[in-house]
Structures are given as C-alpha cells and as structure tokens.
Amino acid sequence: MRYKLIVIIIAMILLNGLNNSRELNDLAIVSAIGIDKEDGNFKVSAIVLNPEKQDSGSSSSSASNKMIVYEKTASSVQEAIRSMILESPKRLYLAHMELLLISEEVAKKDLANALDFFIRDNEGSNDFLFVISKGTSPSEALQVKVQAEEIPTENIVKSIKASNRYMGITTENLLDNTLENLLEEGEEVVMPSIVVVKSEGSEEGSSEDSSEENSGATGGSQENGSSSSSTEENEKILVDTLAYFKDNEFKGYMTKEESMAYTILRNKFKSGIMEIKDKDKLVAEFVQCNAKLTPKYENGKYIMDIEVKGICNIAETGKKLGNVDYRSIEEYEKLISQELYTYIKQYVDKCTNEYNSDLMGYGKIFREKLNKEYKKVEDVFYKDIFKNIETNIKVDVSFPNDGGINKKW
Amino acid sequence: MEQIEEKIQNLKTTEDVIKYIKESTFDSPDMVYREIKVLNETIYAVYNEALTDTDIISNFVVKSIITISDDYKTNTNLKEIANELDNYIDESLNVEKTKINKKQRVYDNLNKKCPNNEISIEDIIDALSKKISISKVKKIDLSSEDIFYYIYSGFTCIIRNRDILVVETKGTIDRAISTPMTENTIKGPKDSFTENYQTNLALIRKRIKTEKLVLDESKIGRRSKTKVGVLYISDIAKGELVLDIKKRLKKIDIDAILDSNYILEILESSNKSAFPTMISTERPDLVSLYLLEGRIAIVVENSPFTLVLPAFMEDFINNMDDYYQKSQDVTITKIVRYIAFFITIFTPAVYISLITFNQEAIPTELLLSFVSQRKGVPFPAFFEAILMILSFEILREGDYRVPNAAGNTLSIVGALILGDAAVSAGIVSPIMIIVIAITTISGLMFPDINMSNSLRIWRLIFLVFASLAGLIGVGVATLFLITKVSATSSFTKPYSYPVSPINFKTLKNRFLKRENISENKYRERILTNNMTKYKVNRGNNL
C-alpha cells in the first residue's frame, strides 16, 4: 500500500509536475490582445488585469480592477509577447484571454501569421472573440475607458455577445469556428467589428455606419454614452457591422441589413428587430428565424433554394393603441416577409456580384450535398459558376399571436 | 492461582472468610463488616460502602435478619413455656379434660411452627432468601464464584461459614435518562442511553416487546468484568453473524473495558480503512430500528453508546430524524447531506488545484476576485489551507474540551476575532476562510464522530494530492477513495452497499428518499433471511 502510494505520487510529480503549479499571485492575467502592423512588424498590445486588493475593513463592494497595458513590437507575435516579460513582473497568462482585436491592416495582409501563435499555444484559451477594430488602432481601442464595465475588454465582449443575441447583426467568432472557416474550402471568414467614436469633443458621427447604428439600436445597447470623466476626450466603443473577407483577406464592411441576412442564412440569428416605415409603422421582433439552403443541379444550372421561416411578435405599432385586427395581421405578415425577402435578396446579389465573396457558404453546401456535380467544376467554381448560381428565395414569416395586449391594468 | 484456590478451599468458619476478604482487600476502609448476632452465632454482612445504598442495607437486609431471628427466638421461648406447661400438667394429673385439650393444642401449634427442635442458622438464611423484600437474592458457592465481583457490583454478602448469600443493594450512582447529547432530533423521542447497563437494556426492551429479542450476556475484562450484552431478534438476525460475534467477544482477553469503543476497536481490528464499520449511537429508537432490520446490537456496561453492526456507509449519512419527518422533505435533506459529504472532502482540494494548477477552469471574473483576495498573502495557497485547517481543528478540539461556561468566549475569540484579524493582517485570504468554513461545517453534518474524523483524514489526503498535481491529483485521490470504500467490509457485508453491489430496489427506497413506512414490507436480503415484515393475509380471516 505504502509502496503503491509512493509510486503514484512520484508518477504524478513527474508526469504533471510540481513545476506546473503556479500561484495566482505570480500570474498576469491577460484579458485582451491587440495586434497591429507597424513597419512590417507586429505591434502587440496586451491588456493585463490587475485587480486591487479589497479593503476588508470598509465596505467592500467590488474590486476596482486596474489594468496594465504592455506594448511591444517584434517580427512575430510570440516574440512580442515573450518580450513583455522584460517589463512585467509576472508571467503573462493567456488562458483567460477573451478578445483578440486586430487592425484592418493585419486583417488585410497578415491574418494567418497573426493567428498562428494562438493556435499553437498550448496554454492559451480557445474561446476568445476575433474582432476587427474599425478605423482605430487596437491598442487605442482597448484602452478606451467605459463606465458600464470595469474592464474595457468585458465591455467589448459582452456588447458583441448581446448584439448577436438581441440585434442579430454580429456573430460570436471563437477560435475554433474561425479556424474552420479559414481553413475550409468554400467558406469565408466574417468578423464582428468595433469602432471608437469620439462623441462630444469632436463632431458627431465620425463614421456613417456608426451613427446609423446608434439610431437603430434599441435593444442590447451596452454602450453607455458618457464615459468616465477622467478621460479628456469622451470616447466610446460601439459594436459595428460585420467585416467580410475574401480568400482570408479583409475586404470591407457589410451594412446592417446584410449583416442580419448573413446571420439568418447561417442560422446564427437568435433574435432581432425589423422595422417597416412605409405606411403603417410596425416594429416586429423576431423570436425565431431559420434558413434552409438546398442546392439543386438542373439542366446544367446550379440553383440554390433558400427557405426562410420566421416567427415574430409585434413589438410596436404606430397605428393604434390596443388590439390589432386579424386582417391587418395577415397584411403585416406579408409586409415583413417582403421586407426580409429584400434584405436577403440584396445580400445574396451583393455577395455574388459586388463582394464576389462566398459569404453564404455556397461552396461548402454544394460540396457536401451535390458532391458529384461540384467535383466537376471544383476548380472554376468561384470563377465562373458562383456568379451565375440562381437563387430562389422563399420567405415565410408568421405572427403566432394576434398582437393583442393581455395585460390587465 | 492454585494457592488461592487451595486457600479458598480451606476457608471453614465465618472468621476465616472475613479474614480472607480483609486480606484480599488490604483492609480497605470502604469495606464494611457488620456483625449481626443471630441466636448464639455471629453472622456478617459485608458490603462496599461506596457502591451500596446503606438505607437498603439497614432497612431491609439487617432488619430482615433480625426480625427473622427474633421470630425464632420467640418460638424458642414458647417451646420452653410449653415444656414447663407440660411438666405442670404431668404433675397434676387429675386436671380437667378441657385443660388437657388446651395443652394439646398449644403443643401442636408449636410443633407446626418449628418442626425441628433444633433451629439452625441455615434456616434463617433460607428464610431470609425467601422472605427478604429485595429482588435479587442469590446463594453463591465460594469456591466456584468470585465473591469480590458481587461486592464490587454493590451486593451485600451475608456470610456464615462457607454459606454466602448475596443481596443486591446497589446505590444509585448513575445519572438519569437524559436527551441525546450527540444525536439531536427535532421531532423524535428524546431519551438516550445512559451509563447504566440495565437502563439501556430497558430502553430497548420497552420498544420491542417480544420474547424474540434475545440478550446474550458475557463479562469481559479480567479486571473490569464489564457486562457486554449482545442483542438480536432471533427470527430476523442472521444466525451465523450472531455466532461469529459471540465467538469474537469470547476471544477478547483484555484488562478492562471502559467504554463501548473498546469493543468497537477490538471487533473492528481487521478494518484498515478510516471509515467506521460499526454504528455507535446513543439513541434507543435507532438501535431498535436496526435490530428490526436484522442487525445486532452490543450494549456495554458503563457506556452510553450502543454498538450496532454491520454498518454500511450509507447509514452514517442517514439520520434517525428522517423517519420522523415527511418523506418529501427528507429527500431534500438527503440531497443536502450528500452534497455536504462531497463538499467536506473535495472543497479545499478543488480550490487549491483550481488556483494553483487549473486557473483556466475558473470563470474570469471569479478568477479576478480570487486574485484580488490573494493579493498580499505571503504564503502559497497550500500552506495557507493547511494553516487554516490547523487553526480550525484547534478551535474544534478546544471547543470540545472547554467547560461549557467558556465556550462562548472561545467561539467569539476564535471564530470572529481571529478569523477577521487574520484576513485584515493579510495572513490568509477571505476566500480561504470561506472554503475552510464551509468544509468544516459540512463535516459536522455527520453525527458519528468516527465518520467525521475519517472524512477529515480524507480531506487532508485529497489536499495533498491536489497540491501535488492539481485536478489530476484530485482525480487520483477520488479513485483511491472509491477503491478504499469498495474494499472495506463490515462483518463480511460490503460497506458500499447498496451502491456496490448494486441493489436498485434499496437505492430507490433509501438512497434519495426515505422508505415509505407503510409500503415497504420487506427487509434487506443482505441483513436477514426473514424478509417479510408483515404477514400479508389473503382473504378475510375474520
């Protein structure tokens, strides 16, 4: 018994090891890393969380978390992160990284190189978000102070998650599904983006998209307008629309409608709102929206049938207070379906013609479901066929409730 | 030995016996030798002053002896009168017929009262053993029985030559039946065993009023001669187990049995695991329940704790209170208890491995909270944990030993001041206090001290493994624990029953809920061969 115990303990020490133990006090917890390009080198900035010790005597409401920013420029990401140890008293600990913010330049030119380190690092976390910083450099964006959350990283991550959940205009790109999209043929990468807005000091609406975003944001607006008073310029971070890639290179940003169409077609849509402005104002809240993509090959033509089914609730009507009669519900259903149809139609057209990027994942769908036909044209699929795929879109939106108000006052 | 036996054989007269007792006890001052003159002889009442009730001795024993001998004296006087009367009648022959008849009647009466003319002391002792108004009277043989056992059990020995009559005159030196000290119940019976053997038996007997409840008594301990009673219900308990226990008890050769834990340790000597394989309880209702299940109880003199065997691990998690509350509520309590069981073993180990090895497994915000609390603590987390466990154990042990009056001071100084100051001084982190506190409190949910002690040992084992290899170490230690529990057996019965060997019916009935009292008609096969609790009558017997 004693012998067995000794053997087991020795084995544990040798295999896993006492040397692997590390005290919490010796770790610098990295919450976010920003990667930028500077003269052909990587400029890496790491946000290290440095929580303050709680005062046990007085009212200990919450730890005020201070953060430390380390910045290093090197030819590789690994080198840059390692050299931060020269500055930091503690070892950088990447397992709690939640956000990887890359600049547009990196996304355009060197995405693969920037990601390689994070894929290979065995200690690193693999559930961090990939986000593009629109316009500003990542290190700047990461240091914007916000009021809602103590850690700016938390603010960005939660905003993106919430806008995915409630607005349906972003996606949560974690390491593994990003990698999948990067490596798989017939898929393109899409990334959420954030933008830094200088609200009061400079003129409002420095970018068109963000101001539009601002006006449309009703649900899940994590962004708190007034930032902390300590910063001289009032800055805030907004979640922006999706950035699209082609051949793993950053090309540009979609509009809000396109982003929504993307999430619906990819079945990543959780909920969102849609507004009809024509004659009757109606705001519909999508509870559920699923898309089914069926590829067909008929008479030498590649056809894609898109069937979208959605369930909505009436969120707001501009017409009258109280119950909505049934006839108008049917009308509303038609209107919303029409609106959604145009969203998707425009998106698909734009992808095939203007962006020329397979954001719908057509290539993958054809390969998987019509492998025989796809094999024949594999090499020229994107050159010739992709543009000419006929898309049949069928949208069916239903309102399960009659729009009545059940509240008793 | 032989010399002593020879000496005992040679004792002839009363004086010899008294001398022998005096010599053997080194003329102990608490021995009382009381002379009583009966007829022409002196008999002795010998007893130990400390153990006996002198009221009983003087009111019943001595008084009875004197009255009986007085009766005989009166009879003797009457006889003398009768003789004189006889002479008188003989002298005057010509008396009236009626007087002769009267004389005849007196004579007859006298003869009836004292059949022999010779009145012996044996008759007195005989009469005493029949007439004395005390329950326990016994004639013993000096050569075969140990007179000192009776003297030190609180008997009074009435000695005349080699004839010894022992009369029970025990003083009340036991405390009264009180509420259980260690196993509290909210709604159940409030009586508990005491140090008195007879009381303990009575508390069980009054719950199970059947002749089938068998008591097998033996005296164990060369010097202490402690009564140890094996109780079982003859038609439920498994015969071979009863025989085995009796055999094992017979084999015990020990100086003294001071508490039932002595028996427990001797019977458990083959159990190498930390877990107790016998239940030790002070609740008579619990013992009765176990007896009806087919288990065996061992009542030990001078111990308020009765042993029950065999025991399964599950028994220590259950509680008698379960039977006195609603079944649905018991389910919740049981779940809480199982959770507490795991908390008390795992929490410090899991905490240590999370913050020294597997930081990636904690949610970020929790990790930040840990970091902010650990900030400035100079010790490694493992050392911190050991420090806290040590101080809590000191507090616990101190709390057990301290007089009740000082208990409050201890808890205030220990728990409040010390804990708070340790955190403020930065010696330990607040989270560590939380971890150790919840661990300790969870451990206290198990009333059996042997069980909570064994959980304490396993907690430390887990902690060491966790500090060596993190969650992997906890995994290895868990394997160890499972192996150990599965390998343990309680008197040939598997300790991990009903989980392994698995018994779905029992699991269903007992693991997460309390068995339904009115519905469960069967006993456990593992404990008894007589499984039907009630005879189910078919048809109408009326």
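Model, not experiment: these values are computed from the prediction. Letters go in sequence order (proteins before strands), and every chain restarts at 1.
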Which of residues 382-397 of chain B get closer than 4.5 angstrom to chain A, counting heavy atoms alone?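 Heavy-atom contacts from residues 382-397 of chain B to chain A are absent.
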Per the salt bridge (charged side-chain N to carboxylate O under 4.0 Å, His left out) rule, what does the pair list look like for residues 344-367 of chain B, sequence neighbours excluded?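 For residues 344-367 of chain B, and leaving out neighbouring residues, the salt bridge (charged side-chain N to carboxylate O under 4.0 Å, His left out) pairs sorted by first residue read A:Arg22-B:Glu360, A:Lys158-B:Glu365.
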Would you list the pairs meeting salt bridge (charged side-chain N to carboxylate O under 4.0 Å, His left out) in which at least one residue belongs to residues 464-480 of chain B, sequence neighbours left out?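 Residue pairs passing salt bridge (charged side-chain N to carboxylate O under 4.0 Å, His left out), neighbours aside: none found.
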Please step through ring-ring contact (aromatic ring centres under 6.0 Å, His included) for the pair B:Tyr497 and B:Tyr495, ending with a clear verdict. CA-CA 6 Å; B:Tyr497 180 86; B:Tyr495 195 50; over 10 Å; no
For chain B, which residues of residues 92-102 of chain A have heavy atoms nearer than 4.5 angstrom: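 At a heavy-atom separation under 4.5 Å, chain B is reached by A:Tyr93, A:Ala95, A:His96, A:Glu98.
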B:Phe370/B:Tyr351 aromatic ring centres below 6.0 Å: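 Yes: the rings meet the under 6.0 Å criterion.
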Taking the six-membered ring for Trp, are the ring centroids of B:Phe316 and B:Phe275 within less than 6.0 Å of each other?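 They do not qualify: ring centres at least 6.0 Å apart.
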Write down the atom of B:Ala381, the atom of B:Ile352, and the distance for their closest heavy-atom approach.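 Of all heavy-atom pairs spanning B:Ala381 and B:Ile352, the closest is O-CD1, 3.4 Å.
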For B:Phe342, look at atom CZ and say whether over 12 heavy atoms of other residues, nucleotides or ligands are found less than 6.0 Å away.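 Result for CZ/B:Phe342: open.
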Is there side-chain contact between A:Val69 and A:Leu142, with at least one heavy-atom pair below 4.5 Å?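 When only atoms from C-beta onward are counted, A:Leu142 and A:Val69 do not touch, as no gap falls below 4.5 Å.
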Do the side chain of B:Arg248 and the main chain of B:Leu267 share a donor and acceptor less than 3.5 angstrom apart?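 A pair under 3.5 Å: yes.
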